[in-house]
Amino acid sequence: MSLVQPAAAPEAISPLREAWIVYRRNRPAMFGTLLLAVIVAFVLYGTFLYAGDPYEIVWAPQTPPGTEASVPFGTDYLGRDMLRGLLKGGGPTLSVGAAAAIITLLIGVSLGGIAGYFGGWLDDLLMRVTEFFQVLPALLFAMVVITLFSPSPITTAIAIGVVLWPQTARLTRAEFLKIRELEYVTAARSIGARNGRIMWRVILPNALPPLIVSATLTVGVAVLFQAGLSFLGLDDPNTMSWGLMIGTNRQYVLDAWWPVTLPGVAIFLTVFAVSLVGDGLNDAFNPKLRER
Amino acid sequence: MAGPLLSIRDLKVEFATRNGPVTALDGISLDLMPGETLGVVGESGCGKSITALAAMGLIPDPPGRVAGGSILFDGEDITHADAARLRSLRGAEISMIFQEPMTSLNPVFTAGDQIAEAIMLHQKAGRAEAGRMAVELLRTVGIPEPERRARSYPHELSGGMRQRVMIAMAISCRPRVLIADEPTTALDVTVQAQIFDLMRDIQQEFGVAIMLISHDMGAIAEMADQIAVMYAGRVVETGSADAILDDPLHPYTRALIGCIPVLGKAAGLEGRMPPLAEIPGIVPPLHLLGRGCAFADRCPLAFDRCRIERPVLEGRSHRVACFAAEMEAA
């Protein structure tokens, strides 16, 4: 046992850097990061380098994985290469997930921030609007949005973002409500800062840690959501995605397990990795919770 | 001689509460002369901080509101000035330092960045230039190795240094009025002395008028030229520091002065210190104030009239609101 030593390096450490130091020591989080990096690398490889149309029929239908060298992951019910589908289908899945999380963050942080900062009737109004969106059945509402417009990855991302933002709004509002009472906000006001500056330059940076965690976890939820929507056939059938692969092959699952299982595993690994990263960020930003 | 730089006239501030409106400031008047230090003293809950916030136009509204009176800055009535005018005054003409240097700095930005921000709000300066000015300000307020400290985050600074950073930020635009709300309460006594020295130096150098708010009569006695004693949202005694310290008229002022511990004074026979003096009771909740003098229940001199009628400030330069003091004088 060694005595607690004071930090040897007196050089300034930013709060973000400090969080990174904690994060780096967190094994599950680093595993998740690595896993996510591998998945993203595969998806980037598939999107930009791996030549081959995932819709092209290349071999006998429902060839099991590992039986034919040219289709190592087997083929689906039409004889399409599963590997091509997994590689090319990851791009839309991940980017729709990320885009939906960004949309969630944009809507949620703006509305939640304004509600929490200004309070009063504006807060009441915005929170009633938020609640209105919150009580709508999420999947149904996303389906309505998609069917109103033509299905495309962009529509899907918007539909998911529109469904998921209320949580982020509530979280942001709570953070803003808490932070706006702190003395450094009064101090910022006392040097003549205007509201916009106080909201986005003073309060928001301090509210970021829980928001980053929430945004990360939202990516996972959005990936699942996207898979669910394309499983239901509501996504663009001309954009290969993991959910679409599951959806189109589901009728034949009793004859061939892999066309459904392999994209399912890909989705599982992605969401698992994102969750590990999110939990790791949560621990890194809230060191007090770590000791539990 | 010029008129007061900051003049609070008969200011009334109310807060809406569940028990109905509560008068936090009940017609207080204060004058801050250029280059002088006005000490505002009183216990917690007397309205000192509200006075400071009101002078900055920072009363949280709702639930608070200025219900009457006026605040004049250099002759200009800023009581109901619009937000833009108030912003252009805050930081540039009137600035403020706070009680808790731990919480009054933004934890996610470096000390230098925060000072530079304050500079850029009111002066035409680029980021690099503002950064250089910030380092110079840190030097002015006596922070060693200012170049390195400018890159420190608040949690890496000691309490005294943080308060110096706050002061650097407050004087960054050469304000004419500095409001210091309990600037040393959270600090060690030795650091308190350093901060007071720094404030005096800054006053000499920049000619800034200081409104020093404290519950500590000892601190006020050390710093102030003029003193205003507040109790339950009113000024109960006001005058020059000498007059008030040498000849306190209000029993509350006397009690506050009696609470200043004096080292080595009256050590008992066994060499033991006498217990610290205290004022019995607490400041009454503002919504329970009767029509009499708010201090009557704790006052050793109170008589019938004190509980029925509220005394007003009387006198020329040394003014006091107390019937007992009036009778003494008569």
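Both backbone and side-chain heavy atoms feed into the values below; hydrogens, waters and symmetry mates do not. Quick caveat: nothing in here was measured; it's all calculated off a predicted structure. Below, read A as the first sequence line, B as the second, and so on, with proteins coming before strands; counting in each chain starts at 1.
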Using a cut-off of 6.0 Å, state whether more than 12 heavy atoms not belonging to [X] lie near its atom [atom1].
{"X": "A:Gln134", "atom1": "CD", "answer": "yes"}
{"X": "A:Arg24", "atom1": "CZ", "answer": "yes"}
{"X": "A:Phe141", "atom1": "CZ", "answer": "yes"}

Exercise. Looking at B:Met56, B:Met166, B:Arg90, which one has more heavy-atom pairs under 4.5 Å with chain A than the rest?
Worked result: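 Top count of heavy-atom pairs under 4.5 Å with chain A: B:Arg90.
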For this session: Would you please test A:Leu182 and B:Thr103 for side chain to side chain contact (heavy atoms under 4.5 Å, CB included) and show each step?
Result: CA-CA 7 Å; A:Leu182 297 183; B:Thr103 57; 5.9 Å; no
Exercise. What distance separates B:Ser172 OG from A:Ile191 CD1, expressed to the nearest 0.5 Å?
Worked result: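 Those atoms lie 7.0 Å apart.
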Exercise. Distance from B:Leu86 atom CG to A:Ser190 atom OG, nearest 0.5 Å?
Worked result: 12.5 Å
For this session: Applying side chain to side chain contact (heavy atoms under 4.5 Å, CB included), run through A:Tyr184 and B:Asn106 and close with a yes or a no.
Result: CA-CA 6 Å; A:Tyr184 57 78; B:Asn106 191 338; 4.1 Å; yes
For this session: Among the options A:Ala187, A:Gly192, A:Ala193, pick out the one with the most heavy-atom pairs lying under 4.5 Å from chain B.
Result: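 Sorted descending by pairs with chain B, the first entry is A:Gly192.
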Exercise. When heavy-atom pairs shorter than 4.5 Å are enumerated against chain B, which of A:Asn206, A:Val185, A:Leu208 gives the highest number?
Worked result: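 The residue among A:Asn206, A:Val185, A:Leu208 with the greatest pair count is A:Asn206.
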Just list the side-chain donor-acceptor pairs under 3.5 Å for residues 213-222 of chain A, sequence neighbours left out, or say none.
| from | atom 1 | to | atom 2 | distance (Å) |
| --- | --- | --- | --- | --- |
| A:Thr216 | OG1 | A:Ile212 | O | 2.7 |
| A:Thr218 | OG1 | A:Ser214 | O | 2.6 |

Problem set entry | Residues in residues 103-128 of chain A that sit under 4.5 Å from chain B, counting heavy atoms only |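 Those residues of residues 103-128 of chain A which would need a heavy atom under 4.5 Å from chain B do not exist here.
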Exercise. Listed by residue number, which members of residues 114-130 of chain B have a heavy atom under 4.5 Å from any heavy atom of chain A?
Worked result: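 B:Glu117, B:Ala118, B:Leu121, B:His122, B:Arg127, listed by number.
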Exercise. In terms of heavy-atom proximity below 4.5 Å to chain A, should B:Leu53 be classed as side chain, backbone, both, or neither?
Worked result: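 Answer is side chain: those atoms of B:Leu53 sit under 4.5 Å from chain A.
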Exercise. Given that the side chain runs from C-beta out, which part of B:Leu105 has a heavy atom under 4.5 Å from chain A: side chain, backbone, both or neither?
Worked result: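 Only the backbone of B:Leu105 comes within 4.5 Å of chain A.
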With a cut-off of 3.5 Å and sequence neighbours excluded, list every side-chain donor-acceptor pair involving residues 270-280 of chain A.
| from | atom 1 | to | atom 2 | distance (Å) |
| --- | --- | --- | --- | --- |
| A:Thr270 | OG1 | A:Ala266 | O | 2.7 |
| A:Ser275 | OG | A:Val271 | O | 2.8 |

Exercise. Which answer fits A:Arg197, side chain, backbone, both or neither, if we ask what part of it has an atom under 4.5 Å from a heavy atom of chain B?
Worked result: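 Contact with chain B: side chain only.
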